[in-house]
Amino acid sequence: MEIPKQYDPKQAEQNHYERWEKLGFFAPEVNRDEHAPVFSIAIPPPNVTGSLHLGHALQHTMMDVLTRYKRMCGYRTLWLPGMDHAGISTQLMVTRELKKEGLTRHDLGREKFIERVWKWKKESGGQITRQMRREGASVDWSREKFTMDEDLARAVREVFVRLYEDGMIYRGNRIVNWCPNDQTVLSDLEVLKDPQPGKLYYLRYPAKNGEGGVTVATTRPETMLGDTAVAVNPNDERYRELVGSTLLLPLTGREIPVVADEFVDAEFGTGAVKVTPAHDPNDYDMGQRHDLAQIVVIDVHAKMTNEAGADFAGLDRYKARAKVVERFAELGLLEKIVDYEFSISKCERCKTVIEPLISTQWFMRMDELRDLALELMAREKKPRFVPEVPYEKVYTNWLENLRDWTISRQLWWGHQIPAWYTKDGEIIVARSEEEARAKAGTNELTQDQDVLDTWFSAALWPFSTLGWPEQTKDLETFYPTSVLITGRDIIFLWVSRMVMMGRKFMSREPFADVFINGTILDVHGQRMSKTKMNGIDPLEVFEKYGVDATRLKLASVGSTDIRWNDKQVESYRNFANKIWNAARFCLLNSEGATINPEILNTSGPELALHDRWILSRLNKTARDVREALAGYQFHEAVQTLYHFFWDDFCDWYIELTKSDVTAEESTAQRDQARVRLITVLEQALRLLHPFMPYITEDLWQRLPGAHESLLHEAYRGAAPTIMLAAYPEGKASLIDENAEWEMQAVIDLISRVRNIRSEMNIKPSEPVPVLIGSPDEKLRSMFLANAGQIRRLVRASEVSINAQLDAPRASARAVLAGSAEVAVPLAGLIDFAQERQRLGKEKEKLAAEGSKLKAQLANPQFAERAPEEKVNEVRARIADIAQRTAQLEQTVENLQ
RNA sequence: AGGCACGUACGUCAAUGGUAGACGGCUUCCCUUACAAGGAAGAGGUUGGGGGUUCGAGUCCCUCCGUGCCUACCA
């Protein structure tokens, strides 16, 4: 058989995915058992403009691990893929593209522009699906969705209409976050707060009679042109007299009142605040309280309006700022300018400084929806956050302080708001234009030009993708989904909104569990971002180390943040190579053998120790991996598998079977050993498959008898694939603690002898005799049964086992657990001083451990209060140490 | 400003209140016919400092130092 010595991931990654997909293994229909339990995941839809980054690969790996695992457990599994239309960024990308052609979207017109976006989406979206196929994601492509698909659009309109009819969606004129660059309103969550150094300007507003007046402090002097009051705290003695008086607003000649408002912090600045209701959210509120006029001095392009006065009209806001300051200086009204650090609001997408503006927009009232979500958590503790701390609290705290959501956006790309206006300005909200006409009783309607926030449609994702509002079979089967795996940055933007919408329209939470994955940082601990250019393309990592190795590293990230270092993937690449070579060994020695699952079901004294032991290890590993995955402990699962495959299977089991398996002649012993070896390997590959789909499938396909070995019964009749093989169960009945103890004794013995060889500088090629002494007859017969293995693994010329250790004086010795001793006669090789030193070191170690334990036991409180089994454990360990120390002393004496 | 996390080997990270581990790196030896992307044997830790609870603390509590993240309407 042709098997290269080195694992080549590219070769293994080549053909399997296509076959899996073509044969329909990813679709839930592959499962023939109609009573099968269901497992479903709706993918967090990636942004169609982007390409996938490591964070996506991380989440996809975790979702794929769970999906493949559950599928192998016989669940009817659906991992539903799809993409998000990402209104603002997509429109931005296409606008940029147009700009290169010297066009604006207005040149094309709405319809043509949207056509253009669809064309662009096809290309960009294709990139994402290619990447996902490369990752090995076992998503059901036949159910792929896009938030702008007609059926999802229908769900959006349905939700909008129902919420409107319930009075939960309304249109209103309020102050909002406006991005002057994107020309659209943004919700609070799409605004970044960026702390940066700035200036605080102290401006004096004279009293009406030209005397005195008040000094205010502001970071935005240009807004003074729109001031309609100055506010002070009602309890502020300094200004008590002034409340109710009138000031003369410089540069405008406008008379404005001094009002008292609790909001004002007397400690800050001068204690007096200029009030610009049209351009500041707080001032807006104050304006409402005091019935102040709203004077709009800045327009949607962040330029000064005519209202700002002839001197300023048309100026950019920052130029206007400079000019205002200059004028104040000229008038002697600029008291001072101090350095001041404050947070500035920026557009999350384009980083343009937000301009708060008064604008007519659509809003969603959140109080009722919020209560639904909070109730769900309070009563049923749903959804279950993993890790619970701190995310459950983060989630509920945010909900408690939730404010209304601005859902309209001044974009063309997105779900156009299903609201129409009659000539008289009446609002008709309907599912379609026809319905609107019928409702209005006229055909003369114009539809609202705005679209909905992308997150509006995303909030419906878990049920809109399954066919809602139709009562489809899929909806009935797969909702609620089993788990959501996502980053902590969208708990508010997305997770909470899905819960509210799911609760409102499906009466149930959209997912049972929410697993919040850790964030991948760069080597310096910085978040990866486009602007910092420190992102890593997963495809590059795949190229370098292979998909399976990368997946293993990603799966081991878990829920804590990690600093990414390519080097760390290397050890998993080495692991893949180890798997490859272990399989290579098994395959090269598999002639005459076929996988036989029967041997997995029974263990007993008729089996060799290592055979009982590996069955025990295999079942324990399966059990531990299952437990780890049940609690989303991906890291734990990876560690368990890594340790089992490399340490248990490769380092010990293969080594222990070598002598049998590599025999030239076909004997029953050889062939049975071969059957056991490849059968255990096949089980190990199954255990690894959810994490490393390519290499495991590739090797599995080569194993003799794999095609005939049992798929999970739910998949009877399906084409052979490890994907549908039953995941090892982890049977308690096959966990054999006695075999594990005995095997450990053998391993310890071998390790001690190897240690002696190494410390004594005995050449690895030099055979030495090994003498074992133990009064324990059972132990002796156990060593005897494994003497051949021991001899091979320590390169012994002979292994002799006696009740008494009868070794020449010139021997290196070691003490083992269970009152056993081992000696390696080293006539002419031994350096007595060195040997005494070596034993002395060992004695010190024992003494240190022993005195620690004795002190613990000597404490009367310990015996009294600690559980009995702990106390017994300590007693046993002390006894063991005492015995070993005594033997060591004897050994040292023999050396004198 | 508040809230929350984190600080463990040289590095990156693990450890239901019960013997502090893994991987990489490092030292020595070995190309032993599955694998040098490997094998064998080692070195390396008063778990950031201090205090407390407990029979027992990396783990729970307090405090200080350091580092991140989130939330917020101080102009």
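Values reported hereafter were calculated over all heavy atoms of this structure, with side chains retained and with hydrogens, waters and symmetry mates removed. The chains referred to below are lettered A, B, ... by the order of the sequence lines, with proteins before strands, and numbering in each begins at 1.
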- Query: Expressed in whole Å, how much space separates the C1' atoms belonging to B:C26 and B:A43?
  - Reply: 8 Å
- Contacts of A:Thr560 and A:Thr219 projected onto RNA chain B by closest heavy atom; the upstream (5') one is A:Thr560
- Any-strand Watson-Crick or G-U partner of B:A40, both distances under 3.5 Å: B:U28
- What distance, rounded to whole Å, do you find between the two P atoms, one in B:C23 and one in B:G18? 23 Å
- A:Leu203 pairs by side chain to side chain contact (heavy atoms under 4.5 Å, CB included) with which of A:Thr270, A:Val216, A:Ile337, A:Val214? A:Val216
- Does the pair A:Tyr545 and A:Tyr572 meet the rule for a ring pair (Phe, Tyr, Trp, His ring centres under 6.0 Å), with working shown? CA-CA 8 Å; A:Tyr545 301 105; A:Tyr572 289 112; over 10 Å; no
- Query: Using a cut-off of 4.0 Å on non-hydrogen atoms, how would the nucleic acid contact of A:Cys650 be classed: base, sugar-phosphate, or nothing?
  - Reply: base
- Can any side-chain N or O of A:Arg792 pair as donor or acceptor with the backbone N or O of A:Glu655 at less than 3.5 Å? yes
- Query: If the P atom of B:G51 is compared with that of B:A40, how far apart are they to the nearest Å?
  - Reply: 44 Å
- Task: Would you kindly compare A:Lys393 and A:Arg795 by the position of their nearest RNA chain B nucleotide and give the one closer to the 5′ end?
- Result: A:Lys393
- Should B:U54 form a Watson-Crick or G-U wobble pair with both distances under 3.5 Å, which nucleotide is its partner? none
- Task: Measure from CG on A:Asn282 to P on B:C73 and round the result to the nearest Å.
- Result: 8 Å
- Message: For the C1' atoms, the ones on B:G56 and on B:U16, what distance do you get once it is rounded to whole angstrom?
- Response: 16 Å
- If you look at every strand shown and take non-hydrogen atoms under 4.0 Å, does A:Gln856 touch a base, only sugar-phosphate, or nothing? base
- Tell me, with the steps shown, if A:Met528 and A:Ile520 meet side-chain contact (heavy atoms from CB on, under 4.5 Å). CA-CA 7 Å; A:Met528 292 181 178; A:Ile520 299 178; 3.9 Å; yes
- Base B:A14 paired with A:Gln633 side chain (donor-acceptor, <3.5 Å): no
- Item | Sugar-phosphate only, base, or nothing, as touched by A:Phe492 at under 4.0 Å among non-hydrogen atoms | sugar-phosphate
- Message: Measuring from the side chain of A:Lys274 (C-beta onward, heavy atoms only), which nucleotide among B:A34, B:A75, B:G18 has the closest atom?
- Response: B:A75
- Taking atom P in both B:G42 and B:A9, compute the distance separating them and give it to the nearest angstrom. 23 Å
What protein N or O atoms touch nucleotides 20-23 of chain B N or O atoms at under 3.5 angstrom, if any, and at what distances?
| from | atom 1 | to | atom 2 | distance (Å) |
| --- | --- | --- | --- | --- |
| B:A22 | O2' | A:Gln639 | OE1 | 3.4 |
| B:C23 | O2' | A:Ser571 | OG | 2.9 |

- Query: With the threshold set at 4.0 Å, does a side-chain nitrogen-carboxylate oxygen contact exist between A:Lys274 and A:Asp280?
  - Reply: no
- Taking any strand in view, what nucleotide pairs with B:A14 in a Watson-Crick or G-U wobble way, both distances under 3.5 Å? none
- Item | Separation of B:A34 P from A:Asn581 CG (nearest whole Å) | 10 Å
- If you look at every strand shown and take non-hydrogen atoms under 4.0 Å, does A:Glu869 touch a base, only sugar-phosphate, or nothing? nothing
- Query: Between the base of B:U19 and the side chain of A:Arg877, is there any donor-acceptor pair under 3.5 Å?
  - Reply: yes
- Item | Atom P, compared across B:U53 and B:C61: separation rounded to whole Å | 15 Å
- Query: When the distance from CG of A:Asp566 to P of B:C13 is rounded to whole Å, what number comes out?
  - Reply: 15 Å
- Query: CZ/A:Arg584 to CG/A:Asn589 distance, rounded to the nearest 0.5 angstrom?
  - Reply: 10.5 Å
- Message: At less than 4.0 Å, is any side-chain N or O atom of A:Lys658 found next to OP1 or OP2 of B:U32? Yes or no.
- Response: no
- Message: In whole Å, I'd like the distance from the CZ atom of A:Phe263 to the C1' atom of B:A72.
- Response: 11 Å
- Message: Quick check against the 3.5 Å criterion: does A:Arg757 have a side-chain atom that pairs as donor or acceptor with the backbone of A:Arg795?
- Response: yes
- Item | Selection from B:G18, B:C13, B:A34 that lies nearest to any side-chain heavy atom of A:Ala866 | B:G18
- Query: Can you list the residues that meet the salt bridge (Lys or Arg N to Asp or Glu O under 4.0 Å) rule with A:Lys393, with sequence neighbours excluded?
  - Reply: none
- Query: When you check the phosphate oxygens OP1 and OP2 of B:A75, does a side-chain N or O of A:Tyr340 lie under 4.0 Å from one of them?
  - Reply: yes
- Item | Any strand: nucleotide that pairs with B:G7 via Watson-Crick or wobble, under 3.5 Å | B:C65
- Query: Are side-chain N/O atoms of A:Asn177 and A:Asp188 paired as donor and acceptor at under 3.5 Å?
  - Reply: yes
- Under a 3.5 Å cut-off for both distances, is B:A72 Watson-Crick or wobble paired, and to whom? none
- Name the nucleic acid region contacted by A:Pro867, choosing base, sugar-phosphate or nothing; use a 4.0 angstrom heavy-atom cut-off, strictly under. base
- Task: Write down the distance between CZ (A:Arg488) and P (B:U71), rounded to a whole number of angstrom.
- Result: 12 Å
- Item | Nearest-Å distance once atom C1' is located in both B:A72 and B:A1 | 8 Å
- What's the CZ-C1' distance between A:Arg220 and B:A75, to the nearest Å? 11 Å
- Item | Flag for A:Arg676-A:Thr657: side-chain donor and acceptor within less than 3.5 Å | no
- Message: In this structure, how many angstroms lie between the C1' atom of B:C35 and the CG atom of A:Leu699, rounded?
- Response: 13 Å
- Integer angstrom distance from the C1' of B:A14 to that of B:G58: 12 Å
- Using Watson-Crick geometry (N1-N3 plus N6-O4 or O6-N4) or G-U wobble (N1-O2, O6-N3), each under 3.5 Å, B:A34 is paired with none
- Task: Mind calculating the distance between CD (A:Glu570) and P (B:G25) to the nearest angstrom?
- Result: 7 Å
Under 3.5 Å between N/O atoms: give me all the protein pairs with nucleotides 38-47 of chain B, atom names plus distance.
| from | atom 1 | to | atom 2 | distance (Å) |
| --- | --- | --- | --- | --- |
| B:G38 | OP1 | A:Asn574 | ND2 | 3.1 |
| B:G38 | O3' | A:Lys578 | NZ | 3.1 |
| B:G39 | OP1 | A:Lys578 | NZ | 3.1 |
| B:G39 | OP1 | A:Trp646 | NE1 | 2.6 |
| B:A41 | O3' | A:Asn755 | ND2 | 2.9 |
| B:A41 | O2' | A:Ser758 | OG | 3.0 |
| B:G42 | OP1 | A:Asn755 | ND2 | 2.2 |

- Message: Using the side chain to side chain contact (heavy atoms under 4.5 Å, CB included) definition, which of the options A:Phe645, A:Tyr642, A:Phe644 pairs with A:Leu688?
- Response: A:Phe645
- Query: In terms of side-chain heavy atoms, does A:Asp624 have a donor or acceptor partner in A:Thr640 at a distance below 3.5 Å?
  - Reply: no
